Protein chains: 2
Amino acid sequence: MAQITMEPDISVCAHANLRKAMRSVSQTYDAALKPSGLRATQFTLLAVLNNRGPMPLTQLADIVVVERTTLSRNLKPLERDGFVDSRPTADQRVRELVITRKGREVLKKAIPHWQEAQNRLRKKLGQAQWVDLLGALSATVDATQT
Amino acid sequence: MAQITMEPDISVCAHANLRKAMRSVSQTYDAALKPSGLRATQFTLLAVLNNRGPMPLTQLADIVVVERTTLSRNLKPLERDGFVDSRPTADQRVRELVITRKGREVLKKAIPHWQEAQNRLRKKLGQAQWVDLLGALSATVDATQT
DNA sequence: CTAAGAAAAGTGTATATACACATAAGAAGG
DNA sequence: CCTTCTTATGTGTATATACACTTTTCTTAG
């Protein structure tokens, strides 16, 4: 006999657990990055722009899997602080995002702190669980994006 | 020779990947819960209050691993809509949170939609990866909370 | 008992997030 | 060409998130 209605078991909810882990990890990474002045989310955006070169908003949104309109707003502080610049393109609808010299500098300063946060968590988890985590997250994104 | 400075490999960043997966999964669950009128985050809070009974704010914050001040604000819409009530206790500093009858009703209505989102994702991931995901997230919370 | 310290909760401010809707510009068909 | 469709982006509104700081109330040392 199947249960009819009941108490939803939140301990096996993918959403609740993802959110919980996200909050916990975000606090860790944000704290580690604090000396650099960057938030972890901002670090990610700068790193992508640095590694992959200038690109339009929509492309960046696709890469990091952020809603386009969210990204538009996330860029505000980075533009305000002069870490990211946007320049017009031939297609006048498109604005191409570029990391500035100042942006590269703050990124460079932040990298050791990010690395430190990475190392600490990887050590705490152990290599096997670290790999599991990244694998499971990747599979989850794939499963929800299609 | 170790690398000196370089491009941080965001594809192996626990934070970036967690955040990415969170966004993707949140959108899925929020969409599924839409007919109920609840956000996935709100569903989680109601479910905990329903399953574990009334409790003070701080305790709920500990359980769901949300910053206390965040939770305080997350409860606002639920109180406004009459899904959660807060009542004074002997200790006048404490306000005890209670799910209301209306809250239980909306929760009940939301459960099938939540279940549906759960099932869909579990099916897409497969049982093995589903278990991996929940295990990895749990381990991650443990690793960052200590 | 009272003063010092701890605990529970709220506020100010800032970022992060996304849906619904709006705008503007390029592309495509006739 | 011009209308229609599509693409790139922005705005309005609302929730989610957390740090620093404040307030109120208990608790505890003396």
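Chain letters run A, B, ... following the sequence lines, proteins first, then strands; residues in each count from 1. Quick note: numbers below take in every heavy atom, side chains included, and nothing from hydrogens, waters or symmetry partners. Here the structure is a predicted model, which is why all the values come from computation and not from measurement.
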Self-check item: Closest nucleotide among D/dA8, D/dT25, C/dG26 to the A/Q92 side chain
Solution: C/dG26

Self-check item: NE2 on B/H15 to CG on A/L121, rounded to 0.5 Å
Solution: 11.5 Å

Quiz item: Tell me, do B/M22 and A/R19 make a side-chain contact under 4.5 Å, heavy atoms counted?
Solution: yes

Quiz item: From D/dA18, C/dT15, D/dT15, pick the nucleotide closest to the side chain of A/R39?
Solution: C/dT15

Quiz item: Taking only N and O in the side chain of A/K34, is any of them less than 4.0 Å away from OP1 or OP2 of D/dA18?
Solution: no

Quiz item: Which sits closer to the 5' end of DNA chain C, A/L71 or A/P77, going by the nucleotide each is nearest to?
Solution: A/P77

Quiz item: Among C/dA9, D/dG10, C/dC19, which nucleotide sits nearest the side chain of A/R68?
Solution: D/dG10

Quiz item: Base, sugar-phosphate, or nothing: which does A/R95 touch, judged by heavy atoms less than 4.0 Å apart?
Solution: sugar-phosphate

Quiz item: In whole Å, what is the span from the NE2 atom of A/H15 to the C1' atom of D/dT15?
Solution: 12 Å

Quiz item: Reckon B/D91 touches a base, only the sugar-phosphate, or nothing at all at heavy-atom distances under 4.0 Å?
Solution: sugar-phosphate

Quiz item: Can a side chain N or O of A/T58 be found less than 4.0 Å away from OP1 or OP2 on D/dT9?
Solution: yes

Self-check item: Check: B/R73 side chain, C/dG10 base, donor-acceptor under 3.5 Å
Solution: no

Quiz item: Is any N or O donor-acceptor pair between the side chain of A/R93 and the base of D/dT7 shorter than 3.5 Å?
Solution: yes

Quiz prompt | Candidate nucleotides D/dA18, C/dA16, D/dT15, ranked by approach to the side chain of A/N74 - the nearest | solution = C/dA16

Practice problem: Mind checking A/R23 for me? I need base, sugar-phosphate or nothing, with any heavy atom below 4.0 Å counting as a touch. | Solution: sugar-phosphate

Practice problem: Identify which nucleotide among D/dA18, C/dG10, D/dA8 has an atom closest to any side-chain atom of B/T70, counting heavy atoms from C-beta outward. | Solution: D/dA18

Quiz prompt | Rounded distance in Å - CZ (A/R87) to C1' (D/dA8) | solution = 17 Å

Quiz item: Hey, does A/A40 reach any base, or is it just sugar-phosphate, or nothing, if we go heavy atoms under 4.0 Å?
Solution: nothing

Exercise. Using a 4.0 Å heavy-atom cut-off across all strands, classify A/S72 as base, sugar-phosphate, or nothing.
Key: sugar-phosphate

Practice problem: Describe the nucleic acid contact of A/T69 in one word from base, sugar-phosphate, nothing, applying a heavy-atom distance below 4.0 Å. | Solution: base

